[in-house]
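Written below as structure tokens is the structure these notes are about.
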Amino acid sequence: MDLKIQDHIALVTGSTLGIGKAIAARLLREGATVFINGRSQSGVDAAVKELAPLARTPRHIRGVAADVSTAQGAQAIFAAAPEADILINNAGIYAPKAFEDITDDDWLSMFNINVLSGVRLSRYYLPRMIKADRGRIVFVSSESGVTTPTEMIHYGTTKTAQLAISRGLAQRCVGTKVTVNSVLPGPTWSEGVEQFVADVASSRGMTKEQVETEFFQTVRPASLLKRFISVEEIADTVAFVVSPLAAATNGASIRCEGGIIPTIA
């Protein structure tokens, strides 16, 4: 399917690994110009080198090393990619921790990375998109934004905040061709999850398949998929949402979480 985004410029934060890198790869395959972002120059360079064969030409893939959790990092991104008309707020962290052990610093770090990074970038790009009457912003949230996980309440809270922000920003786009949406992945087979599963399997004398089965029996029993979602499956959803084919989708929380969220609304 041609998603009709060849003439668009996309910025994907946190795109040196995992979901972000898969999104970048999908957009490159569709012919978009894509800015790869990560905190370290070496990580950005490695991702650009790996994904370069997917780009139409070398100028269609670029890298910007910057820490999106800081105002200085956001400013560096603005300077590198001032014309982006697709913004994917993907950068984020998670950290399982008992509520009583979550410190103020833990809360602030989680909010700076998961929430304020998207706020700062959207504050820059959204007015320009509205003026041009063209653009897409997507917040990569999580099913945890709706079904707050007791093992990391601070993470779930930041993901709920993303839903509120994206809906509020969408309402700023009334009557324009700009949309702002959230995508809600479920448990996804990223590098971090793969390592976690491998560690559990090694420590308990289990296979990775057994760990996965147990996870969906005990930790996420509401899942209808009963398996980890691939990063490519999330990327496919995001790519559609930023395309002109999704012009009627605005202010939405789009689920690709394997059926964990039980409500029909």
Side-chain angles (χ1 to χ4, degrees), residues 1-38 43-66 68 76-91 118 121-122 124-140 166 169-170 172-173 175-183 185 229-252 254 256:
M1 179 184 291
D2 178 10
L3 295 181
K4 305 182 187 304
I5 58 173
Q6 281 196 11
D7 61 337
H8 292 268
I9 301 172
L11 165 64
V12 186
T13 66
S15 48
T16 60
L17 294 169
I19 291 173
K21 186 165 76 170
I23 293 170
R26 187 69 171 85
L27 299 182
L28 285 167
R29 289 190 181 96
E30 291 294 326
T33 297
V34 178
F35 280 84
I36 306 296
N37 162 253
V44 170
D45 290 343
V48 169
K49 182 178 181 180
E50 179 182 347
L51 297 178
L54 303 177
R56 283 190 286 164
T57 70
R59 67 182 180 85
H60 286 93
I61 182 169
R62 307 175 195 176
V64 51
V68 295
I77 291 174
F78 305 155
E83 304 302 322
D85 60 358
I86 296 174
L87 168 62
I88 312 296
N89 289 313
N90 170 73
L121 292 169
S122 299
Y124 177 84
Y125 288 108
L126 184 62
R128 289 159 175 77
M129 292 179 182
I130 291 174
K131 184 176 180 180
D133 198 25
R134 156 175 160 146
R136 297 283 187 269
I137 296 178
V138 171
F139 286 79
V140 179
S166 76
L169 294 182
R172 293 284 308 278
C173 303
T176 75
K177 295 178 182 178
V178 180
T179 68
V180 185
N181 294 287
S182 294
V183 169
I229 302 162
S230 74
V231 292
E232 290 79 14
E233 288 170 323
I234 306 301
D236 287 342
T237 299
V238 173
F240 172 74
V241 172
V242 303
S243 77
L245 281 63
T249 302
N250 196 13
I254 299 152
C256 48

Asp2 vs Glu30, side chain to side chain contact (heavy atoms under 4.5 Å, CB included): CA-CA, chis, key distance, verdict
CA-CA 7 Å; Asp2 178 10; Glu30 291 294 326; 4.2 Å; yes
Between Gln6 (side chain only) and Gly31 (backbone N and O only), is there a donor and an acceptor less than 3.5 Å apart?
no
Can you tell me how far CZ of Arg29 sits from CG of Leu54, rounded to the nearest 0.5 angstrom?
5.0 Å
How many angstroms lie between atom CD1 of Ile229 and atom CD1 of Ile234, to the nearest 0.5 angstrom?
4.5 Å
Identify the heavy atoms of Cys256 and Thr237 that sit nearest to each other, and give their distance.
CB-OG1, 3.9 Å
Ser166 and Ser182 have their tightest heavy-atom pair at OG-OG, 2.6 Å
Of all the heavy-atom pairs spanning Ala91 and Val68, show the shortest one and how long it is.
CB-CG2, 3.6 Å
What is the minimum heavy-atom distance between Ser243 and Leu3, and which atoms define it?
CB-O, 3.3 Å
Can you find a pair of side-chain heavy atoms, one from Ile36 and one from Arg62, that are under 4.5 Å apart?
no
What residues, two or more places apart in sequence or in another chain, satisfy side-chain contact (heavy atoms from CB on, under 4.5 Å) together with Asp236?
Arg26
Let me confirm one number: the CG-CG distance from Leu126 to Leu87, rounded to the nearest 0.5 Å.
9.5 Å
Do other residues, nucleotides or ligands put more than 12 heavy atoms under 6.0 Å from the CZ atom of Arg172?
no
If you take all heavy atoms of Ala76 and Val64, which pair is closest and at what distance?
O-CG2, 4.1 Å
Separation between CG (Leu121) and CD1 (Ile88), nearest 0.5 Å, reads 11.5 Å
Between Lys177 and Asp85 (salt bridge meaning N to carboxylate O under 4.0 Å), is one present in this structure?
no
Might you point out which heavy atoms bring Val48 and Ile61 nearest each other, and give the distance in Å?
O-CD1, 3.8 Å
Can you tell me how far the CD1 atom of Ile5 sits from the CG atom of Leu27, to the nearest 0.5 Å?
4.5 Å
Take Arg134 and His8, measure what side chain to side chain contact (heavy atoms under 4.5 Å, CB included) needs, and give me the verdict at the end.
CA-CA 10 Å; Arg134 156 175 160 146; His8 292 268; 3.4 Å; yes
Does this structure show an ion pair linking Glu50 with Lys21, if we count only N-O contacts that are shorter than 4.0 Å?
yes
Would you give the length of the straight line joining atom CD1 of Ile254 to atom CZ of Phe240, rounded to the nearest 0.5 angstrom?
8.0 Å
The side-chain hydrogen bond (donor to acceptor under 3.5 Å, both in side chains) partners of Asp45 (sequence neighbours excluded) come to Gln41
Can a donor-acceptor pair be found, under 3.5 Å and without considering hydrogens, that links the side chain of Asn90 to the backbone of Phe139?
no
Does some side-chain heavy atom of Thr249 sit less than 4.5 Å from a side-chain heavy atom of Thr179?
no
Determine yes or no for a side-chain-to-main-chain donor-acceptor pair under 3.5 angstrom, with Asn181 supplying the side chain and Ala252 the backbone.
yes
May I ask you to decide if Asn37's main-chain N or O and Ser15's side chain share a donor-acceptor pair within less than 3.5 Å?
yes
So Ile86 and Ile9, do their side chains get closer than 4.5 Å, heavy atoms only?
no
Kindly assign one of parallel, tilted or perpendicular to the pair Phe78 and Tyr125, based on the angle between their ring planes and the thresholds 30° and 60°.
perpendicular
